[in-house]
Enquirer: 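Handing you a structure now.
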Amino acid sequence: LTGYITLDIGYKNTGATKSAITFLDGELGILKYRGYPIEQLAEKSTFIEVAYLLIYGELPTADQLNDFQKLISRHTLVHEDMKKFFDGFPRGSHPMGQLSSLIGALAAFNPESLKQGQSTEEVNLEIVKLIAKMSTLVSWIYKKSLDHPFIYPQNKYDYVTNFMYMTFAERTEEFTGIDPVVIDAMNKLLILHADHEQNCSASTVRIVGSSDANLYASISAGISALWGPLHGGANQAVIEMLEKIKEDGGDTDKWIAKAKDKNDPFRLMGFGHRVYKNFDPRAKIIKKACDDILEKLGVQDEVLEIAKRLEEVALKDPYFVERKLYPNVDFYSGIIYRALGFPTEMFTVLFALGRLPGWIAQWKEMKANKEPIGRPRQVYTGKTTRDYVATADR
Ligand code: SDX
């Protein structure tokens, strides 16, 4: 080779596939699921309806939605032996590590999912089971963190109400229902997280699935990718950052300076995005929802004011402006999760619950496209050929 290939390592802007699921325009801050603007879906739809849209490509009729919801309800129970996994997790183990293990283990309890060349009906059944059981397992991860008994699903509730029931109901108290404001907020948050084109975890699901690994193994891999603080783990990192700034006296200028200092590893978590070089449209919706929901629930959260001050200062600062760093989906979402009663370490599993339909849609599309097994190449930068040297001569 004469001259040099300037190689920007890593999947930064690789066109890895063709997809009809989600459209992003990073310059204009546009996000659409199957052509529907996220703003309309967040305002008018429900999470289960958006899940149907992402997976099957069209908004369901009333009957289709009713059948989908009923089928999911019928599969929310998990095999009793799945509970034994919870006995094995050490106290305080991270919910994302538990969730990726549990979802991978579902393959063992659904051996038919290992069958190659499953029919459409068989694949659809696996999809319904996974959506149903993940909500039960996420709520049980929360109960395990409290050392409280698991709450079993109730088929009479819709998906989000059932999830919140299993998460927050207690055996010792009569369940008096969930505030509609909370149900609406949870639907909105799950919708906003439902898919996002070829992000790190969706690409992971696609490449693992391209080896003909089963759906549960592919989604378990996606959960592990989402765990990283540069990806889905950022929503937990944002709250931890805001709490640290609060404890430090709330001096936002000091922390903005730290984020700009190349010698300081500190980054403004919840800021910046590989694709959005404008406002993340989800962040705009969540920021507005933050004010509405906290007001309706009568919740005061000092870190919300710190977040708003950070955003205000950063958006005027040349460092952030030049690098087009804006708040992303993770910057405000944790403040709402907290107002809804979730502890910080549950935030990323909530992101995973929301992203599940998107991962499933991406996996299903990759199979339908009959995409070949993913196998990228490299530019070799190692040693040229050399001969073996006996130990005594090294
Ligand atoms: C998600 O891809 C998706 O769609 C993801 C997601 C989804 O829905 O699936 O949207 C969800 O993962 C949102 C992102 C959550 N992560 C964070 O909030 C972590 C903080 N943000 C970053 O670490 C960063 O912005 C990334 C990882 C999100 C994007 O990184 P890039 O595109 O690789 O950009 P980069 O790291 O090369 O940064 C470019 C410049 C660098 O400075 P210079 O080398 O030019 O001097 O911007 C700086 C970076 O140092 N920079 C930041 C910063 N983010 C980037 N500086 C301070 N604070 C930050 N948050």
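Just follow the structure's listing: the first ligand is 1, and inside any ligand the first atom is 1. Everything numeric here is computed off the predicted structure, so don't read it as measured data.
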Enquirer: Which atoms from ligand 1 have a heavy atom of G270 less than 4.0 Å away?
Expert: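 Near G270, meaning under 4.0 Å from one of its heavy atoms, ligand 1 has 17 (C), 18 (O).
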Enquirer: Give me the nearest non-hydrogen protein atom to atom 44 (O) of ligand 1 as residue plus atom name, then the distance to 0.1 Å.
Expert: K262 NZ, 4.1 Å
Enquirer: Honestly curious: do Y159 and F168 fall in one hydrophobic cluster under the side-chain, below-4.5 Å linking rule?
Expert: yes
Enquirer: Please report whether ligand 1 has a polar contact with L325, defined as an N or O pair separated by less than 3.5 Å (distance criterion only).
Expert: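 No, no N or O pair falls under 3.5 Å.
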Enquirer: Just to check, does K260 reach to within less than 4.0 Å of ligand 1 when the distance is taken from its heavy atoms?
Expert: no
Enquirer: Tell me whether K83 at atom NZ has more than 12 heavy atoms from other residues, nucleotides or ligands lying less than 6.0 Å away.
Expert: yes
Enquirer: Considering only heavy atoms of K12, which atoms of ligand 1 have at least one such atom less than 4.0 Å away?
Expert: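 Counting atoms of ligand 1 from 1, those under 4.0 Å from K12 are 37 (O).
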Enquirer: Between E243 and R338, does any side-chain N to carboxylate O distance fall below 4.0 Å?
Expert: yes
Enquirer: Could you tell me if the side chain of F320 sits less than 4.5 Å from the side chain of V313, heavy atoms only?
Expert: no
Enquirer: Which of the listed options, E197, H193, H273, holds the heavy atom that is closest to atom 5 (C) of ligand 1?
Expert: H273
Enquirer: Any idea which atoms of ligand 1 are less than 4.0 Å away from a heavy-atom of A259?
Expert: 57 (C)
Enquirer: Please confirm whether F175 and Y165 have ring centers closer than 6.0 angstrom.
Expert: yes
Enquirer: Rounded to the nearest 0.5 Å, what separates atom NZ in K32 from atom CD in E39?
Expert: 10.0 Å
Enquirer: Report the residues that fulfil side chain to side chain donor-acceptor pair (under 3.5 Å) with N162, sequence neighbours left out, ordered by chain and then residue number.
Expert: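 So N162 forms no side chain to side chain donor-acceptor pair (under 3.5 Å) with any residue.
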Enquirer: Measuring from the heavy atoms of V275, does anything fall under 4.0 Å of ligand 1?
Expert: no
Enquirer: Test of understanding: with side chain to side chain donor-acceptor pair (under 3.5 Å), list the residues that count as partners of S203, not counting sequence neighbours.
Expert: none
Enquirer: What orientation do F342 and Y337 show, parallel under 30°, tilted 30 to 60°, or perpendicular over 60°?
Expert: perpendicular
Enquirer: Does a side-chain heavy-atom distance below 4.5 Å link Y326 with N328?
Expert: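 Not in contact.
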Enquirer: Considering only protein heavy atoms, which is closest to atom 33 (O) of ligand 1, and at what distance to one decimal place?
Expert: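 Looking only at protein heavy atoms, the one closest to atom 33 (O) of ligand 1 is R274 NH2, 2.6 Å.
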Enquirer: To which protein heavy atom is atom 45 (O) of ligand 1 closest, and what is the distance rounded to 0.1 Å?
Expert: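 Ranked first by proximity to atom 45 (O) of ligand 1 is R323 NE, 3.4 Å.
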Enquirer: So is R282 in contact with ligand 1, going by heavy-atom distances below 4.0 Å?
Expert: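 R282 counts as a contact of ligand 1 under the 4.0 Å cut-off.
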Enquirer: Around D393, counting heavy atoms of other residues, nucleotides and ligands shown, do more than 12 lie under 6.0 Å from its CG?
Expert: yes
Enquirer: Who's the nearest protein heavy-atom neighbour of atom 9 (O) of ligand 1, and how far?
Expert: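 Protein heavy atom at minimum distance: R355 NH1, 2.9 Å.
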Enquirer: Would you mind listing which atoms of ligand 1 come within a distance below 4.0 Å of any non-hydrogen atom of G272?
Expert: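 It comes down to these atoms of ligand 1: 25 (O), 28 (C).
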Enquirer: Checking contacts here: is it the side chain or the backbone of D330 that comes within 4.0 Å of ligand 1, counting heavy atoms only? Could be both or neither.
Expert: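 Answer for D330: side chain.
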Enquirer: Could you find the nearest protein heavy atom to atom 17 (C) of ligand 1 and give me its residue, atom name and distance?
Expert: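 Ranked first by proximity to atom 17 (C) of ligand 1 is A234 CB, 3.6 Å.
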Enquirer: K277 to ligand 1: N or O pair under 3.5 Å?
Expert: no
Enquirer: Does F266 have a non-hydrogen atom less than 4.0 Å from ligand 1?
Expert: no
Enquirer: Q198: heavy atom below 4.0 Å from ligand 1, yes or no?
Expert: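 Outside the 4.0 Å threshold, so no.
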Enquirer: For atom 35 (P) of ligand 1, what's the nearest protein heavy-atom neighbour? Residue, atom name and distance, please.
Expert: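 Looking only at protein heavy atoms, the one closest to atom 35 (P) of ligand 1 is R267 NH2, 4.0 Å.
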Enquirer: Suppose we measure from atom 12 (O) of ligand 1 to each protein heavy atom; which comes out shortest, and what is that distance?
Expert: H231 ND1, 2.9 Å
Enquirer: Using 0.5 Å steps for rounding, measure from the CD1 atom of I141 to the OG1 atom of T167.
Expert: 10.0 Å
Enquirer: Where does F331 meet ligand 1, judged by heavy-atom distances below 4.0 Å: at the side chain, the backbone, both, or neither?
Expert: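 The answer is neither.
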Enquirer: Distance under 6.0 Å and angle within 45° of the ring axis: does R91 meet both against F89?
Expert: no
Enquirer: Does the protein put any heavy atom within less than 4.0 Å of atom 39 (C) of ligand 1?
Expert: no
Enquirer: Does D280 reach ligand 1 with a nitrogen or oxygen that is under 3.5 Å from one of the ligand's nitrogen or oxygen atoms?
Expert: no
Enquirer: Please say whether L268 places an N or O atom under 3.5 Å from an N or O atom belonging to ligand 1.
Expert: yes
Enquirer: Tell me, which protein residue and heavy-atom name are nearest atom 2 (O) of ligand 1, and how many Å apart are they?
Expert: N199 CB, 3.5 Å
Enquirer: Say whether, by atom type as modelled, one donor and one acceptor occur between the side chain of N369 and the main chain of E371 under 3.5 angstrom.
Expert: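 No, because the side chain of N369 does not come within donor-acceptor range (under 3.5 Å) of the backbone of E371.
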